[in-house]
Visitor: 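Would you mind keeping the following structure in view while I ask a few things?
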Amino acid sequence: MTDQKKKRVEMKRQDPQVRRRNFNEVAQGYTAEEAIQEASRCLQCKKPMCVQGCPVNVKIPEFIKHIKEGDFAGALRVIQETNSLPAICGRVCPQETQCEEKCILGRKGEPIAIGRLERFAADFGKNGGNGGDSPDGGDCNDADPNGDDCCNGGCTGDDSRLKVAVVGSGPAGLTCAGDLAKLGYKVTIFEALHSPGGVLMYGIPEFRLPKRIVAEEINYVKRLGVEILTNVIIGRTLTLDDLFARGYKAVFLGTGAGLPKFMGIPGENLNGVYSANEWLTRINLMKAYLFPEYDTPIKRGKRVAVVGGGNVAMDAVRCALRLGAEEAYILYRRGREEMPARAEEIENAEEEGVKFMLLTNPTRILGTPDGWVRAVECQKMTLGEPDSSGRRRPVPLKGSEFEIEVDTVIMALGTSPNPIVSKTTVGLQTHEWGGLVADEETGATTRPGVYAGGDAVTGSATVILAMGAGKKAAAAIHEYLSGNSVGG
Amino acid sequence: MYRILEKRELTPVTKLFVVEAPLVAAKAMAGQFIIIRVSEAGERIPLTITDFDREKGTVTIVFQEVGKTTKMLGKLGVGDKILDFVGPLGLPAELPEKGHLCLVGGGVGVAPIYPKAKAIKQDRRPVRITSIIGARSADLLILEQEMRSVSDELYVCTDDGSKGFHGFVSQKLKELIDSGAAFDEVIAVGPMPMMRATVETTRPYGLKTWVSLNPIMVDGTGMCGACRVSVGGQTKFCCVDGPMFDGHQVDWTEAMRRNAMYVAEEKIADHQCTCGGGSK
Ligand SMILES: Cc1cc2nc3c(=O)[nH]c(=O)nc-3n(C[C@H](O)[C@H](O)[C@H](O)COP(=O)(O)OP(=O)(O)OC[C@H]3O[C@@H](n4cnc5c(N)ncnc54)[C@H](O)[C@@H]3O)c2cc1C
Ligand code: FES
């Protein structure tokens with residue numbers, strides 16, 4: 001293997017000094033030449049390991065072959081056979097621990113850049129291979145939840161398709177809905193927020209996943225015949241039982257894990273303390289970074305501390321820089337090795353000037369006399385024995401307290417599933433930590449006809465795992481409704 | 001979709017809309033609220049449900065034009081649609097089964113107490129309702145007729161004395177308590193300082209006082225924590241744990257300071273609104 005062949009084709013990224021102040025996409029994607037060059041590295045294995053590494057089993061060598069041959073639309077078609085959100089997965093999947101980890105090329109050099117090629121196929125393959133924006137890109141108009149044409153029970157008409165309800169429009173819900181529509185069901189997605197997409201829309205920032213791309217992928221699902229009703233909260237606006245009463249024969253719950261956690265330390269309710277969810281929702285969903293062009297405000301902190309070491313913390317801190325922070329810190333109680341965030345995101349943050357304060361745990365947030373954040377008091381930690389997660393447990397060092405002057409603190413400590421549906425539904429069991437009890441293979445919950453998947457079942461995980469769960473549940477729902485199975 | 005069927009100007013700055021929202025109407029209960037958005041670039045703001053009609057599929061909201069969003073909302077007329085209208089949110093009010101209830105409403109806060117009184121009267125519960133409603137001046141007083149129809153006694157107060165009792169609703173409440181009114185509980189809704197004053201009035205008497213808090217919200221489903229308030233030393237998310245809380249347990253200093261978090265930004269947005277710029 002030549003050295004050239006060992007290395008993957010680089011993908012252009014915005015310069016760190018420039019990108020740290022704008023919300024444009026960091027990674028710029030391959031050109032056609034670059035993609036063909038990278039695609040040519042693929043060994044086209046007879047028994048491709050990469051496919052097994054993909055939770056939705058995208059036919060990776062096959063789509064890469066199409067790219068190599070310059071047939072970008074064909075590449076996209078192959079991907080879409082198993083993955084209805086390729087432009088998103090190509091951008092946000094942790095390929096390094098999935099498909100790319102299994103790539104044979106990785107043994108002697110760098111694995112083939114499957115994620116970048118998937119992104120390329122999605123971006124260049126659309127519109128029959130002409131790339132560019134699709135005609136309906138960005139259009140996200142939703143049907144009328146209170147109108148006659150929807151779910152008022154009068155939908156039978158001459159439409160004999162069976163009705164299935166999907167709750168939540170994140171990747172789990174979108175995938176399940178898309179697959180069921182392809183199988184000939186009449187599918188309605190009910191979404192609590194005013195805009196569909198779940199975390200893709202409200203959580204992951206524009207500079208990693210442009211909202212235009214999310215809107216396009218959602219439109220693709222709509223074109224499959226899926227109806228999306230926004231502003232409907234199941235458990236409030238309608239109950240799960242109402243859905244069955246309205247003629248839905250099965251329900252998929254893809255309600256995510258949206259509840260934020262706080263530390264329970266003094267000062268957490270001072271002005272200037274945000275949950276990562278609030279911070280990111282204001283920025284992404286409500287577009288507070290464009291205030292006052294958009295109405296939702298946000299405090300543009302000059303000195304910002306983000307507590308946590310996961311992907312959400314990285315997104316939050318990088319947003320803080322883009323809102324103009326002079327200093328942006330990550331406070332994490334364990335060491336670098338233990339950080340759950342993707343290595344690539346940690347590097348991106350570091351390049352942009354984020355300061356990492358590791359083995360550092362906040363003990364209090366200190367306020368000004370009028371109640372705004374002034375500083376965060378932290379304790380130094382050391383690592384002890386491994387805990388239940390297998391990571392070494394952080395132990396506080398006595399007397400090591402010190403203060404960091406900040407005006408904004410963002411808590412990115414993980415999230416848990418929202419109990420609105422489980423609390424209002426009889427017979428739907430949850431684990432103690434809030435996750436819905438569901439069969440791993442089928443997504444079947446403890447209520448017949450009700451299936452669940454994604455973060456609502458697993459707790460915060462990944463886009464692709466949520467999609468995988470949505471897929472499996474769609475197949476199980478199909479089996480259930482075709483009468484092949486009495487389960488549910 | 002969320003069409004405005006009726007519009008009434010209760011005062012020059014307070015408007016009432018009857019909105020077509022059958023799904024919300026079917027589930028609404030006294031004490032709950034909705035969240036609206038007026039334009040694509042707009043904010044999400046909570047508004048209390050003032051009334052609902054399950055048969056007609058309508059929900060009534062009352063709002064005061066105080067910021068950009070409410071001013072834009074106020075410009076809409078009959079036949080116009082509200083872009084987003086989601087609910088019902090929050091827990092329904094726990095209303096008494098019997099006894100003597102005092103309802104205190106200040107300013108636009110009269111609107112949220114109305115459905116509570118109406119629910120009690122509709123259920124024919126043996127509850128005596130004394131209502132105290134107030135405003136800065138007579139021309140700003142709202143829903144007097146409606147309140148009278150669901151109250152056993154009604155007292156009107158104005159800060160400037162232009163109608164009824166000259167003074168605050170909390171002062172009238174104290175006067176009634178001191179002259180022997182044996183209230184079993186009080187529900188007070190209105191601007192923060194008014195609710196706080198009411199709570200401080202009843203505290204020495206150990207008289208249970210519920211308030212309906214209106215913190216800044218984003219989603220309204222427990223997802224963001226923007227709405228957190230301290231009650232009895234514990235952090236609560238107002239949108240899912242409230243909006244009604246025991247007023248004697250609320251940390252008012254914190255609640256009022258958190259509500260003022262975006263005062264500077266609100267001025268910018270509002271200025272833009274009055275200049276006709278910005279909003280899409
Ligand atoms: C900031 C951030 C960054 C992330 N980055 C990555 C990444 O780079 N790569 C990756 O793979 N993963 C990432 N993740 C994780 C990934 O986004 C989630 O695992 C995935 O979105 C879960 O999908 P889901 O469909 O289960 O739920 P969600 O995406 O959470 O969608 C749930 C939807 O259901 C709606 N809903 C909830 N309750 C109700 C109800 N009662 N009625 C109606 N609708 C309801 C919600 O409003 C929401 O729209 C990130 C997460 C966050 C928060
Ligand atoms: S408004 Fe977001 S949690 Fe209450």
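Given the structure is predicted, the values throughout are model-derived calculations rather than measurements.
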Visitor: Side chains of R258(B) and N269(A): do they bring a donor and an acceptor to under 3.5 Å?
Guide: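 Checked: R258(B)/N269(A) side chains show no N/O donor-acceptor pair below 3.5 Å.
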
Visitor: Got H194(A) and V86(B) here, is their nearest side-chain heavy-atom distance under 4.5 Å?
Guide: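 Heavy-atom side-chain distance check fails, nothing below 4.5 Å.
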
Visitor: Of all of A260(B), P88(B), A264(B), G225(B), which one pairs up most often with chain A through heavy atoms under 4.5 Å apart?
Guide: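 Most pairs with chain A among the choices: P88(B).
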
Visitor: Specify the closest pair of heavy atoms between Y262(B) and K299(A), including all atoms of both residues, with the distance to one decimal.
Guide: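 Taking Y262(B) first and K299(A) second, the nearest heavy atoms are CE2-N, 3.9 Å.
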
Visitor: Are L193(A) and T221(B) close enough, and set up right, to give a side-chain contact (heavy atoms from CB on, under 4.5 Å), and what steps lead you there?
Guide: CA-CA 9 Å; L193(A) 291 170; T221(B) 63; 5.8 Å; no

Visitor: Hey, could you give me the CG/CZ distance between L285(A) and R44(B), rounded to the nearest 0.5 Å?
Guide: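 Rounded to the nearest 0.5 Å, the CG-CZ separation comes out at 7.0 Å.
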
Visitor: I216(B) versus chain A, heavy atoms under 4.5 Å apart: side chain, backbone, both or neither?
Guide: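 Contact with chain A involves the side chain of I216(B) alone.
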
Visitor: Could you tell me whether the side chain of P292(A) reaches within less than 4.5 Å of the side chain of E265(B), counting heavy atoms only?
Guide: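 They are not in side-chain contact.
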
Visitor: Restricting to non-hydrogen atoms, name the atom on V218(B) and the atom on M286(A) that form the minimum distance, rounded to 0.1 Å.
Guide: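 Closest pair (atom of V218(B), atom of M286(A), distance): CG1-CG, 4.4 Å.
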
Visitor: Is it the side chain or the backbone of D242(A) that comes within 4.5 Å of chain B heavy atoms, both, or neither?
Guide: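 Just its side chain gets close to chain B.
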
Visitor: With a 4.5 angstrom heavy-atom cut-off, which part of R37(B) approaches chain A: side chain, backbone, both or neither?
Guide: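 The side chain, not the backbone.
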
Visitor: Considering all heavy atoms of both residues, which atom of Y294(A) and which atom of A41(B) are nearest to each other, and what is their separation?
Guide: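 Closest pair (atom of Y294(A), atom of A41(B), distance): CD2-CA, 3.4 Å.
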
Visitor: So does R374(A) have more than 12 non-hydrogen atoms from other groups sitting under 6.0 Å from CZ?
Guide: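 Above 12, so yes.
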
Visitor: Just give me the residue among K27(B), M261(B), Q32(B), E254(B) that pairs up with chain A most often, heavy atom to heavy atom, under 4.5 Å.
Guide: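 Of the options given, most contacts go to M261(B).
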
Visitor: Side chain, backbone, both or neither: which part of I420(A) has a non-hydrogen atom closer than 4.5 Å to chain B?
Guide: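 Only the side chain of I420(A) comes within 4.5 Å of chain B.
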
Visitor: Which atom pair, heavy atoms only, marks the closest approach of V273(A) to R228(B)?
Guide: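 Heavy atoms only, the tightest pair is O-NH2, 3.1 Å.
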
Visitor: Counting only non-hydrogen atoms closer than 4.5 Å, does N418(A) touch chain B with its backbone (N, CA, C, O), its side chain (CB onward), both, or neither?
Guide: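 It is the side chain, since no backbone atom gets that close.
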
Visitor: When rounded to the nearest 0.5 angstrom, what is the spacing between CG in D295(A) and CD in E40(B)?
Guide: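 Rounded to the nearest 0.5 Å, the CG-CD separation comes out at 11.5 Å.
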
Visitor: Are the side chains of N231(A) and L23(B) in contact, using a 4.5 Å heavy-atom criterion?
Guide: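 Side chain of L23(B) against side chain of N231(A), heavy atoms only: no contact under 4.5 Å found.
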
Visitor: Which one of N277(A), T296(A), N271(A) has the most heavy-atom pairs closer than 4.5 Å to chain B?
Guide: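 If we count pairs closer than 4.5 Å to chain B, N271(A) comes out on top.
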
Visitor: For T237(A), which atoms come within 4.5 Å of any heavy atom of chain B: side chain, backbone, both, or neither?
Guide: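 Answer is both: backbone and side chain atoms of T237(A) are under 4.5 Å from chain B.
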
Visitor: Quick one: which of G57(B), A26(B), G87(B), G220(B) has the most heavy-atom pairs under 4.5 Å with chain A, could you say?
Guide: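 Option with the greatest count: G87(B).
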
Visitor: I'd like to verify something: which residue of T69(B), D219(B), T235(B) has the highest number of heavy-atom pairs under 4.5 Å with chain A?
Guide: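 Of T69(B), D219(B), T235(B), T235(B) has the most heavy-atom pairs under 4.5 Å with chain A.
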
Visitor: Which one wins on heavy-atom pair count under 4.5 Å against chain B: G256(A), P260(A), S275(A)?
Guide: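 That would be P260(A).
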
Visitor: Search all heavy atoms of T230(A) against all heavy atoms of Y2(B) and return the closest pair with its distance.
Guide: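 Heavy atoms only, the tightest pair is O-OH, 4.3 Å.
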
Visitor: Considering only heavy atoms, which portion of I298(A) lies under 4.5 Å from any heavy atom of chain B: side chain, backbone, both, or neither?
Guide: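 Only the backbone of I298(A) comes within 4.5 Å of chain B.
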
Visitor: Say you draw a straight line from CD of E43(B) to CZ of R282(A); how long is it, rounded to the nearest 0.5 Å?
Guide: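 The distance works out to 7.0 Å.
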
